Amino acid sequence: MQVFTNKSKELMDNIEEYLGYVTTASLHFEKAIKDYLAGRLDKFDERRKEVAHIERTADEELKKVKYKLYAFMLIPDARGDVFKLMDDLDDVIDYTKRVLLELSMEKPSFPIFIKEDIVLMSEDSVRAVDSLMLAVRALFSQTKMVEDYVNKVVFYEKEVDRIEEQIIRRIFSTSEVDELARKVQIRRFCERIASLSDISEDISKNLLIYTVKRMV
Amino acid sequence: MGFELLLFLSSGLFMGWSLGANDAANIFGTAVGTHMVKFRTAAIICCVFITIGAVRSGSGASMGLGALGSVNALAGAFVVSFCAAFTVMWMTRLGLPVSTTQAIVGAIVGWNLFSGNPTNPATLTRIVGTWVYGPILSALFSILIFTLVRRLVNNSTIHMIMLDRYTRRGLIIAGIFGAYSLGANNIANVMGVFVSATDLATIEILGVRFTGTQQLFLLGGAAISVGVVTYSKRVMMTVGNNLFKLSPVSAFVVIVSTALVLYLFSSQELSTWLISRGLPSLPLVPVSQSQACVGAVIGISIAKGTYRSINYKLLGKICLGWVSTPIMAAILCYMFLFFMQNVFMQQVFI
């Protein structure tokens with residue numbers, strides 16, 4: 001009988017491993033941004049490659065999770081939600097990979113006076129991802145905590161928005177950056193870094209719905 | 001068993017088939033419909049435990065039914081069982097939620113009227129009373145169990161996937177209890193009327209002694225099992241996907257609550273235990289599993305605070321069934337007994 005096999009444990013391990021990849025990718029992202037801004041381009045490139053590798057491995061793990069969810073007929077009432085959640089989390093890894101890749105290709109030059117703010121912004125973006133991952137884990141085993149973690153995601157997203165606006169205002173009002181194309185490029189990268197927290201917030205809002213559905 | 005006996009038992013066997021096809025879905029409908037439990041597993045559990053419940057504990061409810069009217073001729077028992085089955089079939093076609101218990105009680109009263117056997121009003125009131133407080137008791141159990149389960153699940157740190165695993169196991173264990181209780185309680189509807197009309201000698205199969213009544217119940221259990229294997233899958237899928245959209249945890253609560261009610265109304269051990277301690281015991285009579293099930297679902301709605309969504313039209317139909325089903329079965333049985341006696345020249349009572 002399927003009920004007495006250990007498919008449940010296997011799936012739990014797969015999900016846990018996958019969530020670990022999302023967290024690791026976001027941590028590498030933060031370090032990579034710091035390396036880039038500090039001019040440590042070799043280290044930045046190593047991190048970028050590491051994130052690309054994590055993205056590939058996470059994709060493999062995601063396939064296993066999706067397969068096991070449906071092939072073993074596990075959690076029938078929450079299967080669709082977990083499937084969508086795992087897919088959405090894939091966007092977080094994809095996004096970190098893409099931003100780092102674009103940075104490595106375009107190599108934008110950031111003026112010194114905004115570097116500290118960009119570091120703060122990337123730190124808060126990663127904190128938003130971190131809180132999201134705690135909320136996701138809480139969905140699986142401590143539903144009452146989900147809302148607390150989601151509130152943190154929302155808080156960090158607002159912080160990131162505030163810093164982003166501040167940076168963009170400064171870029172467009174300074175004479176240190178004279179070319180409009182450069183201003184636009186810097187703004188685009190700021191928006192990209194900030195988007196990580198936006199993605200986290202979107203996923204966390206869905207999490208609240210999944211939580212209500214999960215409550216008995 | 002002779003051919004004549006089997007021929008007269010055929011109406012009871014048909015009733016058993018119908019019970020297996022329909023009532024097994026009340027136990028495993030949601031579990032199978034949502035793929036929490038495989039149909040094969042559900043069918044094996046139903047066949048085995050309904051039969052064990054019928055043979056081991058079926059006599060209590062059967063005697064309760066016998067107290068209403070002891071049908072003493074085989075042809076009479078055939079008519080009673082046939083009319084009950086026919087009423088169930090007819091009412092189902094009319095879309096009314098019908099209970100085999102109510103049909104068989106009505107048919108027995110019809111036999112009493114035809115044979116001049118007095119119907120004990122106290123016994124009748126006791127049986128009819130269970131139709132009302134069976135679903136109410138089931139709703140109360142369901143409120144209690146659901147509240148406990150909800151507190152346990154929502155406050156625990158059990159991983160969602162492990163909870164799913166425990167729920168599957170819970171559904172199987174609850175299903176075993178549900179099947180056993182169904183066999184113990186509802187075998188009276190299938191074979192109860194034949195108990196006084198047949199006189200089978202005790203036999204021994206594989207070292208186990210079976211009395212005449214137990215042989216009848218074993219046969220009834222086999223008929224129920226055939227119903228489960230041949231037709232219940234379709235009903236389970238309908239129950240699981242269309243009628244009640246229950247979560248697996250709610251399904252577990254419904255099965256346990258329903259099974260508890262059926263068990264309370266069929267357990268001789270419990271009844272003896274209560275009487276020995278000077279406590280009031282519940283009458284051992286067959287109760288409607290479907291209506292106990294509806295009671296349990298309503299109980300969950302109340303516990304969740306969503307009782308405004310209760311289908312009062314369905315409730316009204318159930319209450320209507322308490323009156324219309326036995327009356328129709330009684331009239332039908334009276335007419336068929338007349339035909340059996342005067343057209344087919346069979347002795348329908350002694």
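Because the structure is predicted, anything quoted here is derived from the model rather than measured. Residue numbers start from 1 in every chain, and the chains themselves are labelled A, B, ... in the order their sequence lines are given, proteins ahead of strands.
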To the nearest 0.5 Å, tell me how far B:Met162 CE sits from A:Ser141 OG. 12.0 Å

CZ (A:Arg188) with more than 12 external heavy atoms under 6.0 Å: yes

How many angstroms lie between atom CE of A:Met12 and atom CZ of B:Arg165, to the nearest 0.5 angstrom? 9.5 Å

Check whether any side-chain heavy atom of B:Ile161 sits under 4.5 Å from a side-chain heavy atom of A:Val82, and report yes or no. no

Please give me the minimum heavy-atom distance between A:Pro76 and B:Arg168, naming the atom from each residue. CD-NH2, 3.8 Å

Taking side chain as everything from C-beta outward and backbone as N, CA, C, O, which of these in B:Ile158 sits under 4.5 Å from a heavy atom of chain A? Side chain, backbone, both or neither. backbone

Using only non-hydrogen atoms and a strict under-4.5 angstrom cutoff, which residues of residues 138-149 of chain B touch chain A? B:Phe146

A:Lys66 atom NZ, neighbour heavy-atom count above 12 within 6.0 Å: yes

Side chain, backbone, both or neither: which part of B:Ser156 has a non-hydrogen atom closer than 4.5 Å to chain A? backbone

Honestly, the part of A:Leu139 sitting under 4.5 Å from a heavy atom of chain B is both

Are B:Met160 and A:Asp81 close enough that some pair of their side-chain heavy atoms sits under 4.5 Å apart? no

Surrounding NZ of A:Lys158 (heavy atoms of other residues, nucleotides or ligands, distance under 6.0 Å), is the total greater than 12? yes

Choice from A:Gln142, A:Met215, A:Lys9 maximising heavy atom contacts with chain B below 4.5 Å: A:Met215

Within the 4.5 Å heavy-atom criterion, are B:Pro248 and A:Ile75 side-chain neighbours or not? no

pair A:Lys213-B:Ser247: side-chain heavy atoms closer than 4.5 Å: no

From A:Lys144 atom NZ to B:Thr157 atom OG1, the distance as rounded to the nearest 0.5 Å: 12.0 Å

With a 6.0 Å cut-off (strictly less than), is the heavy-atom count around OH of B:Tyr133, excluding the residue itself, greater than 12? yes

Taking the side chain as every heavy atom from C-beta outward, state whether A:Met73 and B:Asp164 have any atom pair closer than 4.5 Å. no

